[in-house]
Number of protein chains: 2
Amino acid sequence: METAGANNPESLLKIENFLCFAIYSTANAVTRAYQPRLAALGLTYPQYLAMVVLWEEENQTVKAIGDKLSLDSGTLTPLLKRLETAGLITRRRDTVDERQVLIGLTAEGRAMRDKAESVPVAMGKAFGCTMDEAKGLRSELITMRDNLVESIEGAK
Amino acid sequence: METAGANNPESLLKIENFLCFAIYSTANAVTRAYQPRLAALGLTYPQYLAMVVLWEEENQTVKAIGDKLSLDSGTLTPLLKRLETAGLITRRRDTVDERQVLIGLTAEGRAMRDKAESVPVAMGKAFGCTMDEAKGLRSELITMRDNLVESIEGAK
DNA sequence: GCCTATTAAATTGCACACAATTGAATTGTG
DNA sequence: CACAATTCAATTGTGTGCAATTTAATAGGC
């Protein structure tokens, strides 16, 4: 049978043919591609994502930000502390529900939104695909991500 | 203008509409989805990828593995040392070119290939898409990843 | 053949991710 | 109202990713 074995270019045993690896290596490449542009703003890629969420809406809880980014407090707490140290955000306990911490923007953090506007534009070119292709790919990925999340929940 | 602003569900200012975030959050979901199955083998997801590369071909250099996984020695050296400690791989200096370290499989590492066979099968179901959809998505991602890598190289 | 440039792996330092646990505040139930 | 269950953020510990540097070995140019 000629179509079997790892030597076959279509083999499912070769790492390049793994869908999961395509996702993994693309995600790493995305982070590396954003890095030089974000470094100019003093942000890492996950920090940039957190800022985008806060530019959408100020004064969100750590939980709300975590839900939007699919990150837990173990990741977000130190990340947000670094953004606070950088003078971009504020962190204060909610006086109504003291379990929660509300994250707000400083004037500097709010002002960064304008400076960051060029980032998605430049990155759009780096991705090298049309808006329609990007939209299609995005929705396919989200469908699959939600399937994966469901399979994780289902296993509990 | 009704189509502008972050309130528009199509807005490019909302995190859920970012292609980069779709890739990022899907990659995280992939790692989390693999985790329970790989934990049964005592592997993390990146360790699993390294093992897949070694099951393809034994006695590769750290560099060769890094090229295939797009990882550098800063990531691979400690990862491979953990696999060595776990008794799955061997690490030895190439006697011909002593700069290189050759990574081989132990009997245990080779035997794990069979036990790991069920992983991609089970994960295929978790992804919740057909083989053809997976193939299409994979090739689109790889194209984009290569575009991104090119844009990184070009910026140097 | 000598010396410089390049290459390979390891090391260092920083910032994620995430599982698991902790501690404090709030909710739900009888 | 008491009190167990839940929720939220923080903490702890492990394992990546990656930039930058270091060390050692090889390759290349003259």
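To find a chain, count down the sequence lines: A is the first, B the second, and so on, and within it residues start at 1.
Nucleotide D:dG15 holds its P atom 14 Å from the CG atom of B:Leu80, rounded to whole Å. Counting to the nearest Å, the C1' atom of D:dA9 and the CD atom of A:Gln60 are 16 Å from each other. Atom CD1 in B:Ile89 sits about 13 Å away from atom P in C:dA9, given to the nearest Å. Going from atom CD of B:Gln100 over to atom P of D:dA25 covers 13 Å, rounded to whole Å. Summarising the geometry, the separation between CG on A:Leu76 and P on D:dT12 is reported as 18 Å, rounded to the nearest angstrom. In this structure, the OH atom of A:Tyr34 is 17 Å from the P atom of D:dA19, given to the nearest Å. In this structure, B:Arg93 atom CZ and C:dA8 atom C1' are separated by 8 Å, rounded to whole Å. If you take CG of B:Leu43 and C1' of D:dT14, they are 15 Å apart, rounded to a whole angstrom.
In terms of the side-chain contact (heavy atoms from CB on, under 4.5 Å) criterion, residue partners of A:Thr130 (sequence neighbours excluded) are, by chain and number, A:Asp132, A:Glu133. Scored by the side-chain contact (heavy atoms from CB on, under 4.5 Å) test, A:Arg138 finds A:Ile142, B:Asn17, B:Leu19, B:Ala22 as partners (sequence neighbours excluded). A:Tyr48 meets the ring-ring contact (aromatic ring centres under 6.0 Å, His included) test with A:Tyr34; sequence neighbours excluded. By the side-chain hydrogen bond (donor to acceptor under 3.5 Å, both in side chains) test, A:Glu108 is found to be paired with no residue, residues two or more places apart in sequence or in another chain being considered. Taking A:Arg82 as the reference, nothing meets the side-chain hydrogen bond (donor to acceptor under 3.5 Å, both in side chains) condition, with sequence neighbours excluded. For B:Asp94, the side-chain hydrogen bond (donor to acceptor under 3.5 Å, both in side chains) test picks out B:Gln100, with sequence neighbours left out.
Contact annotation: the side chain of A:Leu38 never approaches that of A:Thr44 to less than 4.5 Å [non-hydrogen atoms, C-beta and beyond]. Side-chain contact check for B:Ile103 versus B:Thr61: every heavy-atom pair is 4.5 Å or farther apart.
Phosphate proximity of C:dA8 to B:Arg91: absent, as no side-chain N or O sits under 4.0 Å from OP1 or OP2.
Counting only residues at least two apart or in different chains, salt bridge (Lys or Arg N to Asp or Glu O under 4.0 Å) contacts with residues 95-104 of chain B comprise B:Asp97-B:Arg99. Residue pairs satisfying the salt bridge (Lys or Arg N to Asp or Glu O under 4.0 Å) criterion with at least one member in residues 62-79 of chain A, sequence neighbours excluded, are listed as follows: A:Glu57-A:Lys68, A:Lys63-A:Asp67. For residues 15-35 of chain B, the salt bridge (Lys or Arg N to Asp or Glu O under 4.0 Å) pairs, not counting sequence neighbours, are A:Arg145-B:Glu16.
Taking every heavy atom of residues 62-69 of chain B and every atom of DNA chain C, pairs under 4.0 Å involve B:Val62, B:Lys63, by number.
The bend of the helix from C:dG1-D:dC30 to C:dG30-D:dC1, defined by the angle between the axes of its first five and last five pairs, stands at 30° to the nearest 10°.
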Would you give a per-nucleotide map of nucleotides 15-25 of chain C, 5' to 3', where B means the base has a protein non-hydrogen atom under 4.0 Å away, S means only the sugar-phosphate does, and - means neither?
SSBBB-----B
